[in-house]
Amino acid sequence: MLMEFIYQNPALSPQERTNNLLSLMTLEEKVGQMMQISYNTLSAEEAEDWASNKKAGSFLHVLGKKAEHLQELALSTRLGIPIIFGIDAIHGHGLMNGSTIFPSQLGMSCSWNPELLEKAGRVTAREAAADGIHWTFSPVLCIGRDLRWGRINETFGEDSYLIGVLASAIIKGYQGKSLSDADSILACAKHYLGYGESTGGKDAYDTEVTCRKIREVFLPPFKKAIEAGCATFMTGYQSIDGTPMAINKKLLYDILKQELGFKGFVVTDYNNTGSLVTLQMVSPDLDDASKKTVEAGNDMIMATNDFYESAIRLVKSGLLSESLIDEAAGRILSIKFSSGLFDVKKKSGYASRSVISCKEHLQVNMELTRQSIVLLKNDKNILPLNKSTNIKKLAVIGPNADNLKAQLGDWTFFTHPDPNPEAVPAFEYYTMLRGISERSRLKGIETVYHKGCDILDDENQNIEDAVSAAAACDAIIAVIGDCVEQNGEFKDRANLDLSGAQQKLLKALKALGKPLIAVLVNGKPLCVPWLQKNADAVVESFNSGILGGKAVAELLYGDFVPSGKLTVSFPYHSGQIPVYYNQLSGWHSPKYMDLAERNALYPFGFGLSYTKYQYSNLVLSSAVCGKEDTVAVQVDITNTGEYAGTEIVQLYINDKVSSVMTPEKELKGFERVSLKAGETKTVTMSLQISALAIVTPDERYVVEPGEFEIMVGPDSKASSLLKKTLTVC
Ligand code: NOJ
């Protein structure tokens with residue numbers, strides 16, 4: 001190939017190529033690189049104009065031939081800078097009908113299995129790359145503590161440490177061995193920072209977090225994302241203490257880019273810059289908003305198209321320094337070079353489409369789905385069903401039994417941002433009904449189905465018929481939960497009780513006096529104390545993806561032994577929120593005076609198995625240590641039940657007395673351990689003493705000498721944990 005420009009030489013480093021390219025670019029071309037254009041909002045001609053004349057650096061939400069066409073236009077411009085195409089491939093490349101759709105982020109987090117999440121990231125990358133995508137806006141590192149928030153389903157749960165571990169794993173999966181490999185895509189750590197914590201669970205609203213809390217709780221997962229090499233970050237929608245994140249220079253520039261040394265680029269969220277004028281009212285006009293957005297440290301501007309003229313005008317009139325435009329465009333170009341966009345990924349079709357939904361991907365999905373399901377109650381070992389006697393006929397009842405959309409959850413081609421609810425799935429899928437009916441048939445058990453009621457509409461119910469269908473059966477599987485209309489952006493909820501006539505349906509089924517097994521298909525925790533009291537078994541599947549029904553059926557029949565554990569606590573009542581496990585001590589009351597229980601209905605880390613585990617012999621390698629040391633925490637786990645299984649062993653700490661208040665418990669490690677029936681294994685987890693640091697009021701990380709309680713057990717409940725004291729000198 002004839003090389004006209006130095007930057008076209010792949011033998012040079014991304015930085016050398018970026019420097020050369022930047023030196024050749026006009027101001028307009030550099031601002032163009034900062035533009036991310038939302039394809040769905042434009043006519044085809046407008047999109048072409050952005051690709052060929054304004055030379056937009058990126059488009060989002062465009063696939064296939066349309067994307068190929070835009071890329072051809074971009075490559076035929078003066079400098080031929082390729083477009084970077086981004087999409088929300090959140091739990092698989094779900095906006096493309098036909099791809100592998102995994103459980104939601106919340107669902108997959110319940111596996112506590114970083115290796116498997118890395119594989120899921122790989123699968124998503126291979127399928128998205130085959131579809132011409134270079135970049136996924138994933139993972140979400142928000143902390144899911146206010147369960148009213150509509151986007152809990154998108155989080156890895158409520159714990160900052162676990163979120164960091166799982167996020168790092170999936171980032172490695174997306175980005176592969178090298179960013180420039182044909183089947184690697186860029187990851188995006190979002191939403192930086194504190195977005196999940198908006199007051200009242202109101203999406204994108206103001207967040208009342210302090211700088212100290214930011215360093216203690218919200219920043220650590222993002223630090224881990226940088227360590228994992230995450231190429232891009234996305235700015236949150238919300239404000240912190242009155243300052244919109246999009247213009248929070250301290251967090252975006254001073255901390256992220258300077259202090260933490262993040263070398264990739266930052267993209268705003270959708271129209272963050274415009275919202276400064278229209279929603280958040282901190283800028284009188286777009287020029288002011290654009291100037292503040294750039295000066296705060298954002299590099300790419302998502303879906304504020306007028307930023308283009310505004311930024312050019314600001315630089316030409318001397319109100320915005322061109323060096324900031326150079327820095328932003330330079331960061332974007334450098335990632336384009338290092339991810340192979342100018343070389344291997346220049347033309348579409350660089351990755352084979354044969355991988356999409358291939359057998360290997362199906363296997364990863366199947367394993368992750370199995371490990372994502374959490375058994376919450378199993379009275380008198382009613383499960384697995386093949387052990388219980390005399391079930392010849394099984395009733396499958398409820399609005400989520402045959403509801404693929406509710407099962408898949410948000411961010412698929414059915415839902416948003418480009419909803420196609422009538423689409424016919426181009427993949428094999430298992431609703432709960434299909435999975436349970438097929439597996440039952442294999443076991444010689446007949447099934448009958450009735451929907452019973454709707455999830456949203458109180459009027460739309462036929463409980464009588466559902467009950468008479470169930471009356472003719474030996475046991476009932478009730479599949480209830482929530483639906484896509486109750487989860488996602490713009491869908492915060494005030495009331496997390498089972499909606500519609502679901503509770504009425506459950507009570508009517510219970511009155512039959514038959515074994516009642518509840519399967520929850522839901523985006524996030526709901527308030528289900530009635531189920532805990534009245535159902536014989538409760539299975540939590542969250543949004544379990546296209547294979548959810550198969551995995552749940554296998555679990556019900558004991559074809560595998562459940563190992564999933566909750567990464568988010570369940571409340572008894574919506575008014576009890578937040579109910580996350582790692583709260584500060586000091587509440588005067590023992591509980592709310594009008595609620596019987598103080599703690600969560602199901603706590604963080606909780607999940608049952610068909611077998612039983614016993615913890616014993618907690619030993620620390622040293623009871624006294626220094627601030628720089630690492631202590632080995634050792635414990636014996638015995639499988640005392642009848643089945644082989646996998647236990648998720650959890651390590652918590654408590655700083656007994658510290659200069660600032662610290663949580664009652666904080667997760668600092670975990671280990672998955674597989675044990676045959678009767679087997680004992682010794683598990684060793686290493687605890688770096690630096691991880692015990694508190695954040696001081698002046699925002700320093702300091703390990704304070706004194707006593708720490710080291711706790712190990714199966715979940716975060718105090719009564720479940722073995723304890724030892726460690727003294728740090
Ligand atoms: C808005 C959402 O907040 C963000 O998570 C998503 O990546 C962008 N829109 C693009 O769809």
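Keep in mind the model is a prediction, meaning the values are calculated, not measured. Both backbone and side-chain heavy atoms feed into the values below; hydrogens, waters and symmetry mates do not. In each ligand, atom 1 is the first atom listed, and ligand 1 is the first ligand listed.
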* Run the side-chain contact (heavy atoms from CB on, under 4.5 Å) check on His93 and Thr100 step by step: do they pass? -> CA-CA 7 Å; His93 181 31; Thr100 302; over 6 Å; no

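In this structure, Trp135 and Phe265 have perpendicular ring planes: the angle between them is above 60°, well past the 30° mark. Using bins of under 30°, 30° to 60° and over 60° for the plane-to-plane angle, the ring pair Tyr350/His134 lands in the parallel bin. Below 30°, between 30° and 60°, or above 60°: for Trp50 and Tyr308 the angle between ring planes is above 60°, a perpendicular geometry. Ring geometry, His61 versus Phe137: the interplanar angle exceeds 60°, so the pair is classed perpendicular (tilted spans 30 to 60°).
Listed by atom number, the atoms of ligand 1 under 4.0 Å from Trp411 heavy atoms are 11 (O). Ligand-side atoms of ligand 1 in range of Met234: 4 (C), 7 (O), range being under 4.0 angstrom from any heavy atom. Counting atoms of ligand 1 from 1 in the listed order, those under 4.0 Å from a heavy atom of Lys190 are 4 (C), 5 (O), 6 (C), 7 (O). Counting the atoms of ligand 1 from 1 in the order shown, those under 4.0 Å from a heavy atom of Phe137 are 7 (O). Near His61, the atoms of ligand 1 lying under 4.0 angstrom from a non-hydrogen atom of the residue are 10 (C), 11 (O).
With a heavy-atom cut-off of 4.0 Å, Val140 does not touch ligand 1 at all. When heavy-atom distances to ligand 1 are checked against a 4.0 Å cut-off, His416 has no atom that comes that close, whether in backbone or side chain.
At the shortest separation from atom 7 (O) of ligand 1 among protein heavy atoms lies Asp88 OD1, 2.6 Å.
For ligand 1, the polar-atom distance check against His191 finds a nitrogen or oxygen pair separated by under 3.5 Å. Looking at ligand 1, you'll find an N or O of Arg151 within less than 3.5 Å of one of its N or O atoms.
Remark: distances from the non-hydrogen atoms of Glu154 to ligand 1 are all 4.0 Å or more.
The residues Glu227 and Lys224 are annotated as not salt-bridged, no charged nitrogen and carboxylate oxygen being separated by less than 4.0 angstrom.
Partner of Asp131 under the salt bridge (charged side-chain N to carboxylate O under 4.0 Å, His left out) criterion, chosen from Arg126, Arg353, Lys66: Arg353. Exactly one residue among Gln105, His416, His91, Glu154 makes a side-chain hydrogen bond (donor to acceptor under 3.5 Å, both in side chains) with Trp411. That residue is Glu154.
Atom 9 (N) of ligand 1 has its nearest heavy-atom neighbour, among Asp269, Leu95, Asp418, Asn272, in Asp269.
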